[in-house]
There are 2 protein chains.
Amino acid sequence: MNNKPKTRMTKQRKAILRVLKNTTIHPTADWIYEQVKKEIPNISLGTIYRNLNVLAKNKDIMVLDYGSTYSRYDGNPENHYHFHCKKCEQVFDLELPCFHDLNEKVNEDTNFKAENHRLEFYGFCPDCR
Amino acid sequence: MNNKPKTRMTKQRKAILRVLKNTTIHPTADWIYEQVKKEIPNISLGTIYRNLNVLAKNKDIMVLDYGSTYSRYDGNPENHYHFHCKKCEQVFDLELPCFHDLNEKVNEDTNFKAENHRLEFYGFCPDCR
DNA sequence: ATTTAACTAGTAATTATTGCTAATAGAAAC
DNA sequence: GTTTCTATTAGCAATAATTACTAGTTAAAT
């Protein structure tokens, strides 16, 4: 038997994915909503949320739900690190290779079995430092 | 001039801090509310939130607002890493020294000025692996 | 072309958290 | 100890992000 849900690529889902893939600002659901509305004026905010959840589950995008009352979304599903500026409050992608040895260190030094990790840096961006 | 707000150690604040210092389960505001109510039955949930925010601002505790619709709180204000079990969904403290060189690596390799970082591991705990 | 279930728009509901206000109570000064 | 001052509280209303619901729609398999 095959229980995997058949996800359809609707025009709404396609538009949401395209908007998210074409920005680096790690937008909120509401920002995405405003952008997609330019193309599909009567799209509903619920549709944005539902599709972001589906896309995240399918590993097409990444949810950044760190340290805030709302989530931000990232069109790059590969693990990478972020930098949060304490002044301008923007979130930047860091051009650093992933430290895979962090997982290994945990697995060597503890009884936990680490499969992945999330690392976020806080400080000042080049413009604000 | 001295503008720092004079924080008072009220019995509510003291109780909240004690409850949080005496657990390792990284509880939610609501869990703390239920515990403190045993001692101060008419305490209000707003008081819990306000004090958790004050205590966090004073660096007496730490807020863990990662990947969830609600925040968890940690009575240990020193930077340390957490492990999220994918099965039992508990959050554990890791007995690992802090990797200070991660900040330095960012500062050497990029134009960002990293002051601190947060690192969370995901996988399976000793009981669930 | 027909069929079917995944999906949508619109709206109501939920949930964690914050805001408001009159009353209370730490703690500093007397 | 008493007074004074203002941070804090209880109780409740308000927010804001997100999810749930439902009747109608549509992608895509047959």
Side-chain angles (χ1 to χ4, degrees), chain A residues 1-20 26-58 60-74 89 91, chain B residues 1-20 26-58 60-74 89 91:
Chain A
M1 67 242 234
N2 178 358
N3 288 341
K4 78 180 130 176
K6 300 137 200 152
T7 55
R8 295 174 182 171
M9 189 48 71
T10 62
K11 74 172 197 284
Q12 290 87 346
R13 184 166 299 163
K14 205 179 293 184
I16 291 165
L17 192 54
R18 179 163 30 72
V19 163
L20 195 48
H26 309 89
T28 62
D30 209 65
W31 187 90
I32 297 166
Y33 178 49
E34 293 303 326
Q35 300 304 309
V36 177
K37 258 207 291 200
K38 292 174 184 170
E39 183 180 342
I40 308 171
N42 69 330
I43 196 168
S44 90
L45 185 54
T47 298
I48 305 290
Y49 276 106
R50 190 167 4 80
N51 277 294
L52 289 171
N53 287 341
V54 169
L55 291 167
K57 192 163 285 178
N58 289 355
D60 292 317
I61 67 171
M62 196 188 283
V63 184
L64 309 178
D65 40 16
Y66 288 79
S68 186
T69 52
Y70 49 85
S71 291
R72 289 166 169 270
Y73 297 87
D74 190 329
E89 301 201 303
V91 179
Chain B
M1 65 246 231
N2 178 357
N3 289 339
K4 79 180 126 174
K6 301 140 200 151
T7 55
R8 295 174 183 170
M9 189 49 69
T10 62
K11 71 173 198 284
Q12 290 86 346
R13 186 166 298 163
K14 205 179 292 183
I16 290 166
L17 192 54
R18 179 163 29 73
V19 163
L20 196 47
H26 308 90
T28 63
D30 210 63
W31 187 90
I32 297 166
Y33 178 47
E34 293 303 326
Q35 300 303 310
V36 177
K37 257 206 294 201
K38 292 173 184 170
E39 184 179 342
I40 308 171
N42 70 330
I43 196 168
S44 89
L45 185 53
T47 298
I48 304 291
Y49 277 108
R50 191 166 4 79
N51 278 293
L52 289 171
N53 287 341
V54 170
L55 291 168
K57 191 163 284 175
N58 290 354
D60 291 317
I61 66 170
M62 196 189 282
V63 184
L64 308 177
D65 39 16
Y66 289 78
S68 187
T69 52
Y70 50 85
S71 291
R72 289 164 169 270
Y73 298 86
D74 191 329
E89 300 200 305
V91 179

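Labels below follow one simple rule: chain letters A, B, ... track the order of the sequence lines, proteins then strands, and each chain is numbered from 1. Note that the structure is a prediction, hence the values are computed from the model and not measured.
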Subject >> Strand contacts (DNA chain C) in residues 12-20 of chain B, 4.0 angstrom heavy-atom criterion >> reply: none
**OP:** Verify the contact: side-chain N or O of A/N51 to OP1 or OP2 of C/dT8, cut-off strictly under 4.0 Å; return yes or no.
**Re:** yes
Original post:
With sequence neighbours left out, what residues match A/V54 under side-chain contact (heavy atoms from CB on, under 4.5 Å)?
Top reply: A/T7, A/R13, A/N58
Original post:
Who passes side-chain contact (heavy atoms from CB on, under 4.5 Å) against B/T69, sequence neighbours left out?
Top reply: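 Partners of B/T69 under the side-chain contact (heavy atoms from CB on, under 4.5 Å) test: none.
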Original post:
With a 4.5 Å limit on heavy-atom distance, are the side chains of B/T28 and B/Y73 in contact?
Top reply: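 In short, these two side chains do not touch, never coming nearer than 4.5 Å.
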**OP:** Determine whether A/L20 and A/L52 make a side-chain contact, defined as any pair of heavy atoms from C-beta on separated by less than 4.5 Å.
**Re:** yes
Starting at [atom1] of [X] and ending at [atom2] of [N], how long is that distance when rounded to a whole Å?
X	N	atom1	atom2	result
A/Y33	D/dA16	OH	P	16 Å
A/I40	C/dC7	CD1	P	15 Å
B/K37	D/dA10	NZ	C1'	13 Å
A/D65	D/dT19	CG	P	11 Å
B/N42	D/dT9	CG	P	12 Å
B/I43	C/dT24	CD1	C1'	14 Å
B/K11	C/dG26	NZ	P	7 Å
A/L52	C/dC7	CG	P	14 Å

Original post:
How far apart are the closest heavy atoms of B/V63 and B/A56, and which atoms are they?
Top reply: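 Heavy atoms of B/V63 and B/A56 come nearest at CG2-CB, 3.6 Å.
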Original post:
With sequence neighbours left out, what residues match A/D74 under side-chain hydrogen bond (donor to acceptor under 3.5 Å, both in side chains)?
Top reply: A/H26, A/H80, A/H82
I'd like a table of atom pairs between the protein and nucleotides 11-18 of chain C - only N or O on both sides, under 3.5 Å - with the distance next to each one.
from	atom 1	to	atom 2	distance (Å)
C/dT17	OP1	B/S71	N	2.9
C/dT17	OP1	B/S71	OG	3.4
C/dT17	OP2	B/Y49	OH	2.2
C/dT17	O5'	B/Y49	OH	3.3
C/dT18	OP2	B/N53	ND2	3.3

Original post:
By salt bridge (Lys or Arg N to Asp or Glu O under 4.0 Å), which residues pair with A/D65, not counting sequence neighbours?
Top reply: A/R118
Could you state the interatomic distance from [atom1] ([X]) to [atom2] ([Y]), rounded to the nearest 0.5 Å?
X	Y	atom1	atom2	result
B/S71	B/D30	OG	CG	12.5 Å
B/I61	B/L17	CD1	CG	7.5 Å
A/R50	A/Q12	CZ	CD	9.0 Å

Protein-nucleic acid N or O pairs under 3.5 Å, nucleotides 28-30 of chain D:
from	atom 1	to	atom 2	distance (Å)
D/dA28	OP1	A/M9	N	3.2

Just distance, no hydrogens or angles: give the donor-acceptor pairs under 3.5 Å from side chains in residues 32-44 of chain B, sequence neighbours left out.
from	atom 1	to	atom 2	distance (Å)
B/Q35	OE1	B/K38	NZ	3.3
B/E39	OE1	B/R18	NH1	3.4
B/E39	OE1	B/R18	NH2	3.2
B/E39	OE2	B/R18	NH2	3.0
B/S44	OG	B/G46	N	3.4
B/S44	OG	B/T47	N	3.4
B/S44	OG	B/T47	OG1	3.3

Original post:
Using the C1' atoms of five pairs at each end, what's the angle between the two axes of the helix from C/dA1-D/dT30 to C/dC30-D/dG1, to 10 degrees?
Top reply: 50°
